[in-house]
**Q** 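Before we start, here is the structure in question, set down as structure tokens.
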Amino acid sequence: MGKDIKTKSEKLAMLLDANRALTSTLDLDRLLKVIMGQAKRVVNAEASSLMLVDEATKELFFDVTLGGKGEKLRQIRLKIGEGIAGWVAKEGKPLMVRDARKDPRFFVRADDVTKFKTKSILCVPLMIKERIIGVMEAINQVGRGYFVDEDREIFEAFASQAAIAIENARLFQNLKREKEKIEAVFSGMGDGAIVTDAKMNLVMLNSSARNFLGIRKRDYLGRKISQVVRQFKAFSRWEPKKAALTGVSLKELLKKEDRVMTFDLVRRRPKTLVLSGIATRIVDEENRVVGYVMIIRDVTSERKEEYLKASFVSSITHKLKTPLTCIDGYLPLLREKERLGKLDKVGRDAVRIIDSQGKRLYQLIDELLGFSVLESESLGLARGKESLNSIVKMSLKKLASRIRSRGAKVVVADSIDKVPPLLVDREKIQEVIQNIVENAIKFNDKKEKRVEISAHSLKGEKFICVEIKDNGPGIPSEEREKIFSKFYQIEETFTGQVEGAGLGLAVVKQVVEAHGGEVGVDSRLGWGSKFFFTLPKVGDKG
């Protein structure tokens, strides 16, 4: 009795030592060797082997073996159900075999390959939450020559811990690979990449971000992002003309409820540096913030160029109005001479040309002035509760003469009257609809021009979507992103004309985005285009 207690006590101590050995490493190859060494030890076996399940082929393969000429076993694969190991993997039950040669399930080829003589086998499954990941074998018990239930119990206990250790090592290995991939992508990016935890402590920065922010390679780990960007001020959108305005901290900016936020970081000394950024809030299954990923890039030159362009446009349009006013002022005198018959045919034609081209120039100047005002005012929106149906009707009323002169038909779907009230700047949304409808007519060379306007609520979201579809020539795929740029028009050879300043869709994009919405286009050459944009409902923030 005393001897049995001592034996059990010794085996329990041996099992505890073996389990401690399993926690010594997360390197999978090293762990498997540790497992095999301890597997022999806990049941006093001559040799041991471990087979893992290949999930792709559903086969067992010898990942590591110890004792005899086990390395040759790596060439062998067993189907689930084949051999003693395959039977254990299929049934999910342990198996003890006293005389392997007399068991029909014994896979004799393993002995033929290794020249090892298998007598007794103890095989147990490696399981994670009822999922078989492999099997472990002890071969030839040293002493009595065969395995007993006591050996099976201790071997199963060891196998359960070994399975957990293998799974943890695999997960760690996968995480390590993914981390290496992410680091490789981060390192190769031209844009700056920043990763923080939920408390905005820095976790990872790539070299571009470090260069932009002026910090050393390992200076940032664990530091607050506010510390490394303290020379910068954060803006929703920075404008040189309003540079005197005080920005906020990046932390304050990221407190917004939006999942994705855009911002500018501006450093004024020793030299102006403007970094445009986009931050994505990372949340878990319970919608708790676990961190942020930010991408930043240097847009200093772009911002300065935009400011100079806007300033030039504003200046030149005002200067053009002065001589145009003079020209326009002399037109009534010429018309009076024409009425009195004092002009010949050439003179009468000249008056009509001066009149029509003057009006066209006025229209272009008004477009340019309107756009420069939008730019300089950052679209201060006068929002109110508005009916989309009412906005559409007013937009079409203002376009009525152009629609008639072009022989176009505009159809307003019943859905326009069924969407909920909007929280928008009425006049600016009217301008959006006018610009899109006017383009749909202006760039359509078909005899029967047709435009359809419809709308629908976006399920589960705070916005409605407005769609304006035409039967025009369509837009080439390579042009679709460019058409919303300032001063851009598709070539005359495609559209048939280049009337206008190329600002209509730029205004559309600016107004819609100022309301918190998005704008886009679907098009197919020869079949027309569908422009769509989203607008906020009443009761929701835009």
Side-chain angles (χ1 to χ4, degrees), residues 15-43 45 47-67 70-95 107 110 122-139 154-187 195 197 203-204 282 284-285 290-291:
L15 182 60
L16 290 173
D17 284 343
N19 287 340
R20 276 194 290 269
L22 295 180
T23 62
S24 65
T25 181
L26 281 170
D27 179 86
L28 186 58
D29 290 337
R30 186 178 171 192
L31 173 67
L32 294 175
K33 287 183 171 63
V34 169
I35 289 172
M36 297 325 309
Q38 295 298 325
K40 287 173 57 180
R41 184 168 170 261
V42 294
V43 291
S48 60
S49 68
L50 187 148
M51 301 188 80
L52 297 178
V53 175
D54 185 332
E55 293 295 340
T57 62
K58 299 300 180 185
E59 293 177 327
L60 290 168
F61 65 96
F62 287 93
D63 195 278
V64 62
T65 57
L66 293 176
E71 286 301 314
K72 293 184 178 180
L73 290 177
R74 289 177 179 271
Q75 304 165 14
I76 296 175
R77 282 179 169 254
L78 299 177
K79 294 178 181 178
I80 301 297
E82 183 181 5
I84 289 172
W87 183 92
V88 169
K90 182 180 180 181
E91 300 296 328
K93 299 175 184 178
L95 182 65
F107 187 72
L122 169 57
C123 184
V124 298
L126 295 169
M127 301 184 71
I128 296 290
K129 296 180 181 178
E130 300 183 358
R131 176 172 62 90
I132 300 286
I133 66 168
V135 297
M136 188 165 64
E137 290 181 325
I139 302 167
I154 195 169
F155 205 53
E156 280 189 291
F158 176 69
S160 67
Q161 294 302 311
I164 293 170
I166 291 170
E167 190 73 358
N168 288 341
R170 280 176 165 176
L171 290 172
F172 178 76
Q173 194 174 61
N174 289 338
L175 284 173
K176 190 176 178 182
R177 283 199 202 102
E178 291 303 315
K179 182 174 181 289
E180 288 170 354
K181 288 179 186 176
I182 291 171
E183 286 180 341
V185 171
F186 264 41
S187 300
V195 179
D197 61 18
V203 175
M204 191 183 300
I282 309 301
D284 61 15
E285 295 82 0
V290 295

**Q** Which heavy atom of Gly134 sits nearest a heavy atom of Val53, and at what distance?
**A** N-CG2, 3.8 Å
**Q** Verify side chain to side chain contact (heavy atoms under 4.5 Å, CB included) between Ile166 and Leu50, making sure each step is shown before the conclusion.
**A** CA-CA 11 Å; Ile166 291 170; Leu50 187 148; 4.1 Å; yes
**Q** List the atom of Ala45, the atom of Ala138, and the distance in Å for their closest heavy-atom pair.
**A** CB-CB, 3.9 Å
**Q** Yes or no on side chain to side chain contact (heavy atoms under 4.5 Å, CB included) for Ile84 and Phe107, after CA distance, side-chain angles and deciding distance?
**A** CA-CA 7 Å; Ile84 289 172; Phe107 187 72; over 6 Å; no
**Q** Of all the heavy-atom pairs spanning Phe155 and Met136, show the shortest one and how long it is.
**A** CE2-O, 3.6 Å
**Q** Looking only at non-hydrogen atoms, find the nearest pair between Ala162 and Leu126 and report the distance.
**A** CB-CD2, 4.3 Å
**Q** What's the separation between atom CD in Glu82 and atom CZ in Arg77, rounded to the nearest 0.5 Å?
**A** 12.5 Å
**Q** Determine the minimum heavy-atom distance between Glu55 and Ile132, stating which atoms define it.
**A** OE2-O, 4.4 Å
**Q** Tell me, please, which residues at least two apart from Asp197 pass side chain to side chain contact (heavy atoms under 4.5 Å, CB included).
**A** Lys199, Asn201, Val203
**Q** Tell me whether Glu167 is salt-bridged to Arg131, with the criterion being a basic N under 4.0 Å from an acidic carboxylate O.
**A** yes
**Q** Could you report the tightest heavy-atom contact between Ile128 and Ala163, atom names first, then the distance?
**A** CD1-O, 3.4 Å
**Q** Do Leu52 and Arg170 make a side-chain contact, defined as non-hydrogen atoms from C-beta onward lying under 4.5 Å apart?
**A** yes
**Q** Quick one: pull up CD1 in Ile80 and CG in Asp54 and give me the separation to the nearest 0.5 Å.
**A** 9.5 Å
**Q** Less than 3.5 Å apart, which donor and acceptor atoms pair up between the side chains of residues 87-94 and the rest of the protein, not counting sequence neighbours?
**A**
none

